[in-house]
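Step one of this worksheet: look at the structure below.
Please read all numbers here as calculations on a predicted model, not as lab measurements. Residue numbers begin at 1 in each chain, while the letters A, B, ... track the order of the sequences.
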There are 2 protein chains.
Amino acid sequence: MDTRRISEDRIFAALASPVRREVLRLLREEGPQPVQQLAGHFAMARPSFSEHLRVLREAGLVTERKVGRQRLYELEAVPLNEVQQWLNPFERFWRDRLSGLCDLLDRMDDEPDRPDGEP
Amino acid sequence: MDTRRISEDRIFAALASPVRREVLRLLREEGPQPVQQLAGHFAMARPSFSEHLRVLREAGLVTERKVGRQRLYELEAVPLNEVQQWLNPFERFWRDRLSGLCDLLDRMDDEPDRPDGEP
DNA sequence: ACTATACGTAGGAAATTTCCTACCTGTCGC
DNA sequence: GCGACAGGTAGGAAATTTCCTACGTATAGT
């Protein structure tokens with residue numbers, strides 16, 4: 001099976017949309033689902049949502065199987081391994097920087113930013 | 001400094017372009033460089049390349065500092081940590097699938113569930 | 001067989017991205 | 001100062017993405 005042979009470009013492009021990332025998260029947390037159920041989370045016409053599913057499918061990030069008249073979409077996480085592999089060589093760079101920032105974050109701890117609007 | 005507060009969307013969008021991913025790789029492997037040297041790797045007009053640098057800058061993935069009349073670009077890997085964090089919950093899924101391909105015994109040892117629907 | 005349901009495809013408008021050719025700004029060497 | 005160089009901004013064309021409204025196809029239930 002060459003599930004892994006999908007191009008890096010398609011994978012990163014697929015992940016560029018917040019809608020598609022959310023779909024992947026839903027499939028991960030709630031398991032395989034028919035289109036209907038997935039689409040319920042988005043304020044978007046059905047065909048538009050189908051487009052997003054197609055992009056995910058062509059990136060190899062989901063698989064589809066017919067169950068009755070529904071189509072069950074399931075997470076296919078293997079291509080995400082390519083993202084991980086791309087990311088790996090960068091890790092030591094942000095680890096260095098993050099440990100440097102540790103002191104700073106220690107002080108700010110739990111106050112992200114609250115300009116002054118507090119109703 | 002809100003380097004870490006850059007939106008996930010911008011980061012993923014920045015990574016969607018192969019040109020920009022290659023820029024990040026170059027900065028990682030060859031260290032900080034002026035625009036000229038970076039641009040040498042791409043068959044593209046200078047202003048187009050500047051556009052890509054701007055996207056990376058606004059995603060917080062590079063920093064710029066002036067040195068003489070050049071501008072040295074440097075990798076800022078911290079935001080990539082957000083990608084890693086997004087990726088983390090998916091890891092066990094692809095590990096399962098990959099080890100399933102490589103080592104069948106591993107599955108039989110630690111997976112009582114049998115989700116295969118074979119016609 | 002007929003209808004309703006689930007979901008895709010077709011075709012197109014609007015927004016965004018990606019590239020280009022000018023042109024402008026700031027710095028170095030003289 | 002003045003010319004050369006590094007690199008950005010402006011404005012626009014072409015391609016791509018993202019969304020829409022129809023319409024087509026397949027299956028389930030009656």
Ignoring backbone atoms, establish whether [X] has a side-chain N or O less than 4.0 Å from OP1 or OP2 of [N].
X     : N      : result
B:S48 : C:dT18 : no
B:K66 : C:dG26 : no
B:H52 : C:dC19 : yes

Compute the bend angle of the helix from C:dA1-D:dT30 to C:dC30-D:dG1 from the end axes (five pairs per end), rounded to 10°. 30°

Send over the distance from [X] [atom1] to [N] [atom2], rounded to a whole Å.
X     : N      : atom1 : atom2 : value
A:F42 : D:dT18 : CZ    : P     : 13 Å
B:D9  : D:dT17 : CG    : P     : 17 Å
A:F12 : D:dT17 : CZ    : P     : 17 Å

Using heavy atoms to find the nearest nucleotide of DNA chain D for A:V67 and A:A43 separately, return the residue whose nucleotide is more 5′.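 Here A:A43 is the residue nearer the 5' end.
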
Any chance you could measure A:E74, atom CD, to A:L27, atom CG, to the nearest 0.5 Å?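 It comes to 8.5 Å.
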
What about A:F90 and B:V55, same hydrophobic cluster or not, with Ile/Leu/Val/Met/Phe/Trp/Tyr joined at side-chain heavy-atom distances under 4.5 Å? no

Letter by letter from the 5' end, nucleotides 6-12 of chain D scores (B base, S sugar-phosphate only, - none; protein heavy atoms under 4.0 Å) SSBBB--

Could you work out, with side-chain hydrogen bond (donor to acceptor under 3.5 Å, both in side chains) as the rule, every residue matching A:R21, not counting sequence neighbours?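 Listed in chain order: B:E8, B:D9.
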
Does A:E64 offer a backbone N or O that forms a donor-acceptor pair with the side chain of A:R71 under 3.5 Å? no

Those residues at least two apart in sequence (or on a different chain) that pass salt bridge (charged side-chain N to carboxylate O under 4.0 Å, His left out) with B:E30 are none

Please tabulate, for the side chains in residues 42-51 of chain A, all donor-acceptor contacts under 3.5 angstrom to protein atoms that are two or more places apart in sequence or on a different chain.
unit_1: A:E51; atom_1: OE1; unit_2: A:R54; atom_2: NH2; d: 2.7
unit_1: A:E51; atom_1: OE2; unit_2: A:R54; atom_2: NE; d: 3.4

State, with a plain yes or no, whether a side-chain heavy atom of A:Q84 is found less than 4.5 Å away from one of B:Q84.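 They are in side-chain contact.
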
Below 3.5 Å, can you tabulate the donor-acceptor pairs from side chains in residues 34-41 of chain A to any protein atom, sequence neighbours excluded?
unit_1: A:H41; atom_1: ND1; unit_2: A:Q37; atom_2: O; d: 3.3
unit_1: A:H41; atom_1: ND1; unit_2: A:L38; atom_2: O; d: 3.3

